[in-house]
There are 2 protein chains.
Amino acid sequence: MALEHAILVSLLEQPGSGYELARRFDRSIGYFWTATHQQIYRVLRRMERDGWVEVRDVAQDGRPDKKVYSVAPPGRGALSDWLAEPVEPESVRHSLAVKVRGAAFGDPAGLIAETERHRAVHAERLARYLAGEQRDFPESAELDAGAQLQHVVLRGGIAYERMTLDWLDDVLATLRRLGGAHPDPH
Amino acid sequence: MALEHAILVSLLEQPGSGYELARRFDRSIGYFWTATHQQIYRVLRRMERDGWVEVRDVAQDGRPDKKVYSVAPPGRGALSDWLAEPVEPESVRHSLAVKVRGAAFGDPAGLIAETERHRAVHAERLARYLAGEQRDFPESAELDAGAQLQHVVLRGGIAYERMTLDWLDDVLATLRRLGGAHPDPH
DNA sequence: CTTGCCTATGCAACGAGTTGCATAGCAGGA
DNA sequence: TCCTGCTATGCAACTCGTTGCATAGGCAAG
């Protein structure tokens, strides 16, 4: 399970509330881990119970109060332990690929719009990552170790989105080539 | 949920037992969807209960009997329905990336061996996919629609592994650049 | 002949992740 | 004024996915 460790990393980079963490998971952290606010709140409570994090109630004006979490020493130890353990290389789950292969038994042309929709989402993500890269990692800057590590992870997100866009173009070309010809119509 | 649909696609391409499906999910289907035999058996029973698939008991000699599943018309209908529905673009979950970013608060050099291990796994997968491509999709062949769709999905798996290898090299270079310098030692 | 591996299916328990809903104050636009 | 949307946290119920274990016959190596 990496969610609790992703939260530890994020809180070490910058303490914050569950809500703020949820937004980070929608943005900067989203290119290597995702989570909903429900998961985050639940895991934060468990981590607090286990002494991994500490809470501080913060009153705000014009907004609801929030609970700001920061990492306690046992949490830091748990992260170090986990860093030293091996983890399984991830396996892919791509339901669009299931659909593409399933299109052999349905309507290939009908998948074109869906594929284009996915392409638009990935193009938007790529644009967002590239903008973030320009903003946070200007070419001339001297980066400390933390920033260099953040940057190499972001480069991974960028590479993933570029690769995905190229593949979706390949899928679109294939579907269009097959368009009109309905194979295996039963 | 795409597991049941992935099973439908696989059974339409070729009927088989739960055990055989599990092996396909370890091999050809593994580059776009994964599942353990537990999940597969459970989902197969549900699909049978719902009339999506039909079972036939097959006695074998020298081996345990098996139950061979094939897709029934309602299953085919369910697949068509699902193909017409939009699905959410997948989100990534890459725990190695969590570790890389976490290395800022631990030992970057200690991650090198782990990263190399991941690299070896992905290199092996790429080699396997490329061998499968040469075997199943020779350049000169005329491919029918189903084979073309299988091929484009395989190209996606190949592109993913190549991209991942490149990124892991990038990560290794970054970790080695930081090697020795322990940032933020608390 | 025993140990380990492969085929083949399955139960039980647990942990991870999703979905729908609830609350509650404030801000801004129609 | 009402409706929508944002901040902020949370409960309850459910499904998905993993892990450990069990059974059971056959095969091959040591």
Side-chain angles (χ1 to χ4, degrees), chain A residues 1-7 11 15-27 29-30 32-50 53 55-69 82 85 87-95 98, chain B residues 1-7 11 15-27 29-30 32-50 53 55-69 82 85 87-95 98:
Chain A
M1 227 287 280
L3 174 55
E4 45 210 296
H5 302 104
I7 288 175
L11 289 179
S17 68
Y19 189 84
E20 283 161 357
L21 282 169
R23 277 189 308 179
R24 292 183 209 169
F25 275 82
D26 270 351
R27 298 174 189 191
I29 305 175
F32 60 96
W33 204 267
T34 54
T36 63
H37 78 276
Q38 280 305 332
Q39 272 176 277
I40 292 166
Y41 283 125
R42 201 192 307 161
V43 171
L44 276 175
R45 258 173 280 145
R46 188 175 66 214
M47 290 167 79
E48 191 197 345
R49 190 198 62 202
D50 296 344
V53 293
V55 202
R56 198 165 46 86
D57 279 306
V58 173
Q60 302 185 108
D61 52 286
R63 294 178 176 191
D65 299 352
K66 63 179 178 179
K67 298 181 178 179
V68 172
Y69 290 86
W82 178 72
E85 280 172 13
V87 292
E88 283 302 299
E90 313 294 318
S91 303
V92 184
R93 294 220 159 141
H94 207 124
S95 44
V98 180
Chain B
M1 228 289 279
L3 175 55
E4 46 209 294
H5 302 105
I7 289 176
L11 289 180
S17 70
Y19 189 83
E20 284 161 355
L21 283 169
R23 277 189 308 177
R24 291 183 210 169
F25 275 81
D26 271 350
R27 297 177 190 188
I29 305 177
F32 61 97
W33 205 266
T34 54
T36 63
H37 77 277
Q38 280 305 333
Q39 274 176 276
I40 291 166
Y41 283 125
R42 201 193 305 164
V43 171
L44 277 174
R45 257 174 281 144
R46 188 175 67 213
M47 291 167 77
E48 190 197 346
R49 189 198 62 200
D50 296 344
V53 294
V55 203
R56 198 164 46 87
D57 278 307
V58 173
Q60 303 184 107
D61 53 285
R63 296 177 175 194
D65 300 351
K66 64 179 177 178
K67 298 180 177 180
V68 172
Y69 290 87
W82 179 72
E85 276 170 17
V87 290
E88 283 302 298
E90 312 296 317
S91 303
V92 182
R93 292 218 162 144
H94 208 125
S95 45
V98 179

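So you know, we letter chains A, B, ... as the sequences are listed, proteins then strands, and number each from 1.
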Partners passing side-chain contact (heavy atoms from CB on, under 4.5 Å) against [X] (at least two apart in sequence or in another chain):
X: Arg56(B); value: Val58(B), Val68(B)
X: Val92(A); value: His94(A), Tyr160(B)
X: Asp65(B); value: Ala59(B)
X: Lys67(A); value: Val55(A), Asp57(A), Tyr69(A)

What nitrogen or oxygen pairs link the protein and nucleotides 23-27 of chain D at under 3.5 Å?
none

Results of side chain to side chain donor-acceptor pair (under 3.5 Å) for Thr34(A) - residues two or more places apart only: Arg93(B)
Once you round it to whole Å, what is the distance between C1' of dT7(D) and CG of Asp65(A)? 11 Å
Rounded distance (Å) that lies between atom C1' of dC16(D) and atom CZ of Phe25(B): 14 Å
Salt bridge (charged side-chain N to carboxylate O under 4.0 Å, His left out) with Glu20(B): which residues, sequence neighbours excluded? Lys66(B)
Verdict with reasoning, Ile29(A) to Leu21(A), per side chain to side chain contact (heavy atoms under 4.5 Å, CB included): CA-CA 9 Å; Ile29(A) 305 175; Leu21(A) 282 169; 5.5 Å; no
Can you list everything that forms a ring pair (Phe, Tyr, Trp, His ring centres under 6.0 Å) with Trp82(B)? Sequence neighbours excluded, please. His5(B)
Considering all heavy atoms of both residues, which atom of Phe25(A) and which atom of Trp33(A) are nearest to each other, and what is their separation? CD2-O, 3.7 Å
Could you grab the distance from atom OG of Ser95(B) to atom CZ of Phe32(A), nearest 0.5 Å is fine? 11.0 Å
Per-helix bend value, the helix from dC1(C)-dG30(D) to dA30(C)-dT1(D), C1' rotation axes over five pairs per end, 10° rounding, shows 30°
First contact, last contact: which nucleotides of DNA chain C are these for chain A, 5' to 3', heavy-atom distance under 4.0 Å? dA16(C) to dC26(C)
Can you pull out the residues from residues 34-43 of chain B that lie within a 4.0 Å heavy-atom distance of DNA chain C? His37(B), Gln38(B), Tyr41(B), Arg42(B)
Between Lys67(B) and Arg93(B), whichever has its closest DNA chain C nucleotide further toward 5' is Lys67(B)
In residues 37-47 of chain B, what donor-acceptor pairs under 3.5 Å come from side-chain atoms, sequence neighbours left out?
{"from": "Gln39(B)", "atom 1": "OE1", "to": "Thr36(B)", "atom 2": "N", "distance (Å)": "3.3"}
{"from": "Arg46(B)", "atom 1": "NH2", "to": "Glu4(B)", "atom 2": "OE2", "distance (Å)": "3.2"}

